[in-house]
Structures are given as structure tokens and as C-alpha cells.
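Please read the structure below before turning to the comments.
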Amino acid sequence: MIKKLRKGMALLLGTAMLTGLLTGCGTSPEESGNGSSAANSTGSDSQNTDPDTSQGSSDIDTSEFVELKMYLVGDKPEGFDGVYEKINEILLEKLNCSISVDWLSWAEHGTNYSLLFSGGEDFDLIYTASSWCHYEQTVGLGGFLALDKDFIRTYAPDVWAMEPEVAWQQATINGSIYMVPANYVEVTPDVLAIRGDWMAEYGYEDIASWDELVSFYKDCAADGRYGNAVGASSLYWLWFEQLGYDVVSGAPKNGQLVLYNSTNPSNTELTYILDWDEFTGYCRTVKELADAGCWPSDVLSSTQDRQDGLLSGRGASMVWNPGTCRDYANQANAENPDWNINLYNIMPNRPYGATKYINGGLAININSKNPERAMMMINLFATNQEIQDLAQLGIEGVNWEAIGDDQYKVIEGNAYTASNIWGWRNLDLMRTQYMENPTAVDIKKDEMDEYLMSHLREDHILDGFGFDTTNVSTQFAAVEAAMDTYFDPLVNGLVDDVDASLEQFRSAMEAAGIRDVLSEMQSQVEAFIAENQ
């Protein structure tokens, strides 16, 4: 049922958005700018139909054994080494290569991702994503290999044929493609997993708005409990999403410095948060929450991931997408049944947008010694059923067993909790979990999925825009450096005086060259709109 839901979602998105995507977008990716809006169907109607896709990798010489290295963002899951031993057996047989994987943790990737490139680290592949995981920024720094059309068709012919044209358009910056996107879209606004026992104690049957969440956090703090034990950084995203805003891809700080009103397609104005009264109000609210003790005072130096506070029992909630919140809620409830954690949506009265294809993908290091074999590996990872199963579910017969052709059942006590598989997910190959006895959280997640699908927002032209920082790379770097000093304390409420801190932040941004960045961004937006309307 869930797999049918996902397939239906992709088709629905394609039907709803295809007209807008194709208007003014008749050129191939390398002939045009970054030229599309949000998601499109993964069905055959939208797949790449270029007549030259017969060129492929089957006759390429792979007689020399190659060792590839890949970086993933996240935390290495238990059992990972055994899974990749199996994957390497497949790679050896089919491509005469192997892959080793290093990890950039959630806590460190913001700092260390760019250092891999500036420090000349020797590796071939890396996970990336628009806005939140360094795609546009790394392109601007010259860290990723540009992937021209013939290169993709030669070394990844199956991916070229599988991906819809809009995926390549979304991955295009200044005329070139730098990422192989996953063949995967979903509707995943931020939601919360919240302890139901504490909600009941304070008289809450539901938490369905920002104001109710703030009130609940204050109730928790009054009893010495943390509303969110890892701080308010994820709450910031939740806050502007519930107002109908989204990040501008490629803007500083993973897009968070400049927003746009994604629920109003006629409004193409860019919102610089330091010129926005709403952001001042947010900073005052989280200052009030921080002072009340809604999260620890040392969260800025903490290395905890956003789920850790909930799982440890230190916090009442966590913020993430519905699927991830479901997984951690089930884990916590299994260990602590009396917590009665479930999922809650604080923005039930607004329409929702789909993720972009470039919300996850793989890029090749511009200094890779084996870019051709790396591209062939991407092709295999994205289209091979056995690798898809291994990476997502673990080892068959140990971690899971097949149910029919497209479902699976977890072997009790041996579930494999995959991490960062998003770079090569293929909706057509992903199995859905067979749940003989679904939990209350599973049921709520399914209901939430159906609700989100039935409340899709209209396409917005800026969904497909990605900022190219090349012309303002010096100012952009200075802006992000200044943000490291001022932004996180403000959005976590950990400042002595909100207004004074905002003024210091504004001054630092002006000195760093934010007006140059905003002017360049506005020029690119205007050109993008003119090209794609």
C-alpha cells in the first residue's frame, strides 16, 4: 500500500507540475541555466528520451582494478562493514573495483565538508544535496567535476535513461551538471516526534501549531524538563516552514539567510532575514524559551544529533521529516513503551511542496583519479536491485526477508538502520516494509503521508533556482564566516540582548559584503525567471 502511495505521489507531482516545468525549458541541461521547478514524475513520460542513450558502459575496459573512496554525511550504522563487504563483492564482479567509505558526522560536516576540497583530500565520490549539504557552495568553490552529457551517457547510461529531464535541470548550475541526483521525490515537511506521556500530563491532546508547541515547551521547562534537548536549530526550519517559506538554494548557511514565500507562486521576492521583522520575532521567542530552560545552555558546543535528546529521555521532542521521526519514535517506544511517542504536524493548514531530485545525490571530486569508474559505480548503485537492498535494508536472511516482489520484513532483533543512502535511492527499486502489526506511530505516519499528498502546493518558479556563488565567492565566504559567530546563538536564543545581537549581526554582514551577494542573487533570479517563465 505504501509503495503504491509513493508511486502515485510521483505521478501526481508530474501531472501537477509538468506544464510549468516545460514552459521555456526546451534546451538540454548543458545548453541552459538551472532550469526547473520542484519535482516531476519518475514515470516514462518524463524520463530522458535522448536518441543517443544507447551508448553505454558495457564495452569499457575495466581490466585494471581500482579502489574508490566515498564520503557520506551522517553516522556510520552498526553492521555497515558487513553490508559493504557484500557490496564490494558485486563491484568486483561487475566493475573490477571496490569502494571504501568515510563519514562526516552530522555535527562536523558543516565545518569539515569544504576542508576535504581545500585540503586536497584524496577521494572520488561524496554525498551532496541542494542547500543543506553543500552542493551550490562546493560548485562555487570548484570542488566537483562537471559532468557533461556524453560523459554521463557513456559511463552511466542506465541512470541517464532513468532520470527525468527535470532532475538534470535541477542539478545544472551555470550551464553544467555537477551531481547525479537520486531518482526519488517525496513530500516531507518537518514534523515532530513528541512524548505523549508528557503531553497528557500537561493536558495536550494534540500539538498542531507553533504557538501550541511553544506553550508545551514552556510547560516542560517549568518542571525542569527540556522541550528539545539538542537546541532550536531544527526549530528554526520548522518555524519558517509553518509560515510558508523555504530556503533559497545556494544562499549562505545552507540557504537559511535568504528565504522565499514558496506557498505564493506570484511572489518572487527574496527575503533577507535580517531585513524581516518576523525573524526578529522568532529570535525573541527562542530567547524566551532558552531563558526558561527549554534546552540546555551548552547546545552550541554539543555534538549530539537531533534524535539523541529524544532517545535518551532528556527531551520531549525531536524535529525531522516524517519517516525519520517515525523510525526514532518506534525505537524509543520499543525501549520505553510508557513514553507513547507519536508524530505531530504543526502546519496542518498550509499546502506542501515536494522535495527536489537534488535533495540528495552523488558528486565526483574534481581531483578524482578515476572519474570514469566512479561514474560507473554510481550507475550500478542506482540501478542494481541487490545493491539497493543491501544499502537500505542490510543482508537478506540476517537483517530482513523478502515478502513478495517489492516488500520486506525485518528479522526481529536484527534490523539494519541505514544511514545516508539518499544519494542513489531509486523509487522503482525500493522495497516497502511489510508490517504485520503496525505500531500507532506507523499508522500515524501512513495517515500523514496520505494527508500531505492530498494537500500539495502549487509549483513556484524559485523551487528550481540555485544560486551560483562564483562571482561573489570572496564575499560569500566572508558572510558564512560571520554567520558562524552570530547566527547560531541567535536562533537558539543564547544571547544576552536580542536587539543588540541582531544589530551586531547586521553590521558583520554588511562588512562581509552581504549586499554584493544579495545583488548577485537578485540578478540571477531575474535572469532565471525571464528564461523559465
For residues [X] and [Y], is any side-chain donor paired with an opposing acceptor at under 3.5 Å?
X: Thr263; Y: Asn261; value: yes
X: Ser266; Y: Asn264; value: yes
X: Asp124; Y: Asn365; value: no
X: Tyr328; Y: Gln307; value: yes
X: Trp239; Y: Glu278; value: no
X: Thr469; Y: Glu136; value: no

Donor-acceptor pair, side chain of [X] and main chain of [Y], under 3.5 angstrom:
X: Thr154; Y: Asp150; value: yes
X: Asn379; Y: Asp158; value: yes
X: Asn359; Y: Thr355; value: no

With a 4.0 Å cut-off, would you call [X] and [Y] a salt bridge?
X: Asp148; Y: Arg153; result: no
X: Lys253; Y: Glu480; result: no
X: Arg506; Y: Glu503; result: yes
X: Asp497; Y: Lys287; result: no
X: Asp277; Y: Arg284; result: no

In chain order, what residues pass the side chain to side chain donor-acceptor pair (under 3.5 Å) check against [X], with sequence neighbours excluded?
X: Tyr272; answer: none
X: Ser234; answer: none
X: Glu520; answer: Asn471, Gln524

Item to complete: With rounding to the nearest 0.5 Å, note down the distance linking CD in Gln522 to CG in Leu270.
Response: 5.0 Å
Worksheet entry | Separation of Ser419 OG from Trp106 CH2 (nearest 0.5 Å) | 6.0 Å
Under the side chain to side chain contact (heavy atoms under 4.5 Å, CB included) rule, collect the residues that match up with [X], sequence neighbours excluded.
X: Asn321; result: Thr188, Thr324
X: Asn349; result: none
X: Pro489; result: Leu300, Val495

Practice prompt. Take Tyr451 and Asp446 through the side-chain hydrogen bond (donor to acceptor under 3.5 Å, both in side chains) test and state the conclusion after the steps.
Written response: CA-CA 9 Å; Tyr451 181 85; Asp446 285 350; over 6 Å; no
Would you say that [X] contacts [Y] through its side chain, given a criterion of any heavy-atom pair below 4.5 Å between the two side chains?
X: Leu502; Y: Thr280; answer: yes
X: Leu145; Y: Tyr178; answer: no
X: Trp320; Y: Leu310; answer: no

Is the gap between the ring centers of [X] and [Y] under 6.0 Å?
X: Phe240; Y: Tyr260; value: no
X: Tyr135; Y: Tyr113; value: no
X: Trp276; Y: Tyr245; value: yes

Fill in: Parallel, tilted or perpendicular: ring planes of Trp210 versus Tyr282, cut at 30 and 60 degrees
tilted
Worksheet item: Honestly, is Arg457 close enough over Tyr352, meaning NZ or CZ under 6.0 Å from the six-membered ring centre and within 45° of the axis?
Response: no
